[in-house]
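Notes to accompany the following structure.
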Amino acid sequence: MLFQLSSPGFRARQEKKFECVPSRLEKTIEFGLRSAGRGKGLFNDLGEEEKEDEIHVLRLDIKKLELTRKNNLFLPSVMTVWRISTKYGTSPGRWFSTLSLALVVFFGLYLCLLGAGEMYLQLQDNFASNKFTASVFLALVNLFAFGAYTNLTPVHWLGELVIALHACTAFVIICTGVTFLTKR
């Protein structure tokens, strides 16, 4: 008797008839996304900006979970960087902290690389005799020029790596900064 009851389910599973039926967790995630969207709109209408921001963060965390469950590796990684750097565009303080940290880190890297002579980086046209001021200048300018400042030539793979990392960091900082303008 047990075999007779289980055989239709076994055959249906073999024929993959239940593939289009969403799991309970998928339904819960979908419901959570809809509810968070409604809650965000409600708090926006009420003028409760702090609670609206909390719901915004919650909604994007649920969206990240949904993307992770669908085995999408790229977008959840991007969303993690976005959450860490600006809390999904809701924390200007976090963004300025990230910007400050990037400036300090790249200032230190340029100071170390320039301090080693012209072994890693070469400055064109006697750019600066003082390595400290040159490092400050390069950390600031390359952050907003995406590493494309032309008076600096990498002559070693380590110099190339630092400039490429600086360009990627600049892209992340500027893109996450734009989210403050587009969040709503």
Transitive ILVMFWY side-chain link W82 to L65, under 4.5 Å: no
Donor-acceptor pair, side chain of S91 and main chain of K87, under 3.5 angstrom: no
Same apolar cluster: L73 and L75, side chain cutoff 4.5 Å: no
Rounded distance [0.5 Å steps], OG in S35 versus CG in L42: 12.0 Å
side-chain contact (heavy atoms from CB on, under 4.5 Å) between V155 and M119, intermediate numbers included: CA-CA 7 Å; V155 292; M119 187 171 157; 6.0 Å; no
Hydrophobic cluster membership, I29 vs I55, 4.5 Å side-chain cutoff: no
Reported CD-to-CZ distance for the pair E48 and F43, which is rounded to 0.5 angstrom: 7.0 Å
K64 atom NZ, over 12 foreign heavy atoms within 6.0 Å: yes
Separation of S77 OG from L67 CG (nearest 0.5 Å): 10.5 Å
Ring centres under 6.0 angstrom apart (F137, Y110): no
Nearest-0.5 Å distance that lies between atom OG1 in T68 and atom NZ in K70: 11.0 Å
Common cluster, F106/V104, ILVMFWY with side-chain heavy-atom separation under 4.5 Å: no
Full working for side-chain contact (heavy atoms from CB on, under 4.5 Å) between L114 and L138: CA-CA 11 Å; L114 290 174; L138 291 171; 3.9 Å; yes
Pair E66-K63, salt bridge (charged side-chain N to carboxylate O under 4.0 Å, His left out): steps then yes or no: CA-CA 5 Å; E66 177 187 43; K63 186 68 176 171; 3.0 Å; yes
Option passing side chain to side chain contact (heavy atoms under 4.5 Å, CB included) with R83 (candidates L60, V57, V78, T176): V57
Spatial distance of atom CG (N142) from atom OG1 (T169) [nearest 0.5 Å]: 11.0 Å
For G159 against L113, the heavy-atom pair lying closest together: CA-CD1, 4.2 Å
Charged N-O contact under 4.0 Å between E54 and K51: no
Interatomic spacing from CZ in F171 to SG in C175 - rounded to 0.5 Å: 3.5 Å
Hydrophobic cluster identity match, I174 and W95, side-chain contacts under 4.5 Å: yes
Atom of L103, atom of A139 and distance for their closest heavy-atom approach: CD2-O, 3.6 Å
Heavy-atom side-chain contact between Y120 and W157 under 4.5 Å: no
